[in-house]
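So you know, we letter chains A, B, ... as the sequences are listed, proteins then strands, and number each from 1.
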Protein chains: 2
Amino acid sequence: MSKPTLKSVAKALGVSTATISNAFNRPDQLSVALREKILSSCAELGYDGPNKAAQSLRKGSSGIVAVILSDSLEYMVSDPVASQFLQGVARELERQSKHLLLYSGSADNLDSITDFVDGFICYGAPRNLKLIEQLKRCPKRVLTVDFDLPGRPSVNIDNEQAAYDSAMAVLKPGDKVAVLGLRLIDAADSRTVGTAPLWDNQSSVSHRRLDGYQRAMQQLGLTLSNELLWHLPESNQACAETAAKAVLSQSPAPTVLLCMSDLIALSAMRVALALGLRIPEQLRVVGFDGIEETLRYHPTLSSVWQFSDQKGEAAARAFQSGQDDNQLLSYELRLGESS
Amino acid sequence: MSKPTLKSVAKALGVSTATISNAFNRPDQLSVALREKILSSCAELGYDGPNKAAQSLRKGSSGIVAVILSDSLEYMVSDPVASQFLQGVARELERQSKHLLLYSGSADNLDSITDFVDGFICYGAPRNLKLIEQLKRCPKRVLTVDFDLPGRPSVNIDNEQAAYDSAMAVLKPGDKVAVLGLRLIDAADSRTVGTAPLWDNQSSVSHRRLDGYQRAMQQLGLTLSNELLWHLPESNQACAETAAKAVLSQSPAPTVLLCMSDLIALSAMRVALALGLRIPEQLRVVGFDGIEETLRYHPTLSSVWQFSDQKGEAAARAFQSGQDDNQLLSYELRLGESS
DNA sequence: CTGTTAGCGCATTCAG
DNA sequence: CTGAATGCGCTAACAG
């Protein structure tokens, strides 16, 4: 004997299928007594409710929300910022009794899952640009985070302003500035941007941050040489070390490092300290994101805190709400010992 | 006009539904020419293949695999060992063109997703014991990792032996030993086990590890006082610090700390160093799991490396293979400066 | 090689 | 309050 179905249970109890269905989905459609009886009988029979797959086919919604990561799961799960975001999404989804399907932004097809999910929360522009096209003409709900898609709701912070604020907090007249940026051009290794064309990845946060840095520098009469503007393909230790070593071994060395993530900033500080540089006397550093680890490190890092877990919750809530606006979340500049 | 369906497309092209279905699913059932024509026409019509939800209802399989975490997503995503495991699972699943649904072990119901997935990979005994009952009588494929379920395939390492090995490598005759254990009893805070009954959480790895420690100690003529056997509810800094402070401030202080995770061991070392203890001269420490961070820390940690990412891949492969055996993976004892 | 048919398990009419 | 009928979108026989 296989798993009972609504039909088999109805027959066993001598009632119609509609009655069983109503017992589970529309309590007001039958007497309390009968409902009680049906429910307990079902429990005995080992029937624990309508098949969700069939229900989903019938009703067109499944209670599963896909989160599209900008990169592979592999990379994402190991990035503290993304992890925090996911925690927030998971927490809010749990509240809504919905489920979370993690999807890689380097996959090349949404088709394999669109039919299973109620929609997409898209965290950062997916690495595979094909997905963006698919998302644009996706009939289901799509919400973006940290980037925009025409006509779709989004959740974001004002990256340009936040970057500007952070730069203004650390820069002084006469500074020699280096920027350790994230995914600015199309290259798989850490390198100076040089003359390579900036890669406009759907209004990426990185470019907004760069704009902010540059506005601050301009205001202070500083200029950023292309040789001191670095592209890092990923926010991790290895990429950051390469860049930091190259930048800091110049002479004269930069006096300020503007970093597009806290992980980058921490690695850079490690390199700087190893080279014998004193922070903040000889080198000031500012990061971006706000992760716990910066508080345990010495010196503590000045950074833009964007509370990614709250961002995740906000995203899941906005997804659910059905509202189609572009939400701007607040951030907080927190100064540490690094500036 | 809404989304095209197989039927509507068939009518539009003047062929039968079966032909369309075959064009997508069984290329050998029709001429190449016709198939080409159908596929390109479908592309024009904006039809990108059979609806997966309907397909799943019909075929009884969806290509989605659920990973049940032992705890909330929130906790899991921030634990480096779990993250690494998930990376491995994700990588292998991606190879199989399957999808990953993350599910919380503290949820109280599998019903909401069983019908959507092809089965479950269960990473550690779920915190909510109800799930275990549900998994036992689940008609779908279930594979466990780091614990066992009667009649179900599993992937594991020999925790008892690994713990024994690690203890033998650090212990010396005359040592005063403390164990910082994980989830040994039913308590939400860090505390000595004392006389509380050991919580047998479905043959948990923690108890196997404890067995291993004790075998080693017995062999060396050492005994473990109940006051030096600690229960930590979670593998994190806060829980570990509480325990480490209490244990290390005794006099005489223990000379060896056997820790059931690397995160615990690192935190304990931090506490020890802050207390002015020299490692390994005055205190030797050994961990469990093998995470990158231990290599960056000074002193580097002696630990049992169990390569969680490979474990994840092995689990996903075993899930797919259909084999029902209990797989034992190898581990590696790596000695660092802490012993 | 192609078309017809009968469900997969369910929710929703609508008539009683 | 109940039961029969219809179809959600698709696939696997089977028949041609």
Roughly how many Å is it from [atom1] in [X] to [atom2] in [N], rounded to a whole number?
X: Leu13(B); N: dT2(C); atom1: CG; atom2: P; answer: 13 Å
X: Asp115(A); N: dC8(D); atom1: CG; atom2: P; answer: 15 Å
X: Phe116(A); N: dG9(D); atom1: CZ; atom2: C1'; answer: 12 Å
X: Leu34(B); N: dG3(C); atom1: CG; atom2: C1'; answer: 13 Å

I'd like to know if the side chain of [X] reaches the main chain of [Y], judged simply by a donor and an acceptor atom lying under 3.5 Å from each other, with no hydrogens or angles considered.
X: Arg35(B); Y: Ala23(B); result: yes
X: Asp115(A); Y: Ala53(B); result: no
X: Asn128(A); Y: Ala107(A); result: yes

Could you tell me whether Asp146(A) and Arg208(A) have a side-chain N and a carboxylate O separated by less than 4.0 Å?
->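 Here Asp146(A) does not pair with Arg208(A) in a salt bridge, since their nearest N and O are not under 4.0 Å apart.
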
Answer yes or no: is there a side-chain heavy-atom contact under 4.5 Å between Tyr103(A) and Ser112(A)?
->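 Result yes, sub-4.5 Å side-chain heavy-atom pair found.
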
Hey, what's the ring geometry for Phe85(B) with Tyr123(B), parallel, tilted or perpendicular (30° and 60° as the breaks)?
->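 Ring orientation of Phe85(B) relative to Tyr123(B): parallel.
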
Classify every nucleotide of nucleotides 7-16 of chain C by which part a protein heavy atom approaches to under 4.0 Å, writing B for the base, S for the sugar-phosphate alone and - for neither, in 5'-to-3' order.
-> BBBBBB----

Identify whether any heavy atom of Ser31(A) sits under 4.0 Å from a base atom; if not, whether one sits that close to sugar-phosphate; answer base, sugar-phosphate or nothing.
->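 If one applies the 4.0 Å heavy-atom cut-off, Ser31(A) turns out to touch the sugar-phosphate alone, with no base involved.
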
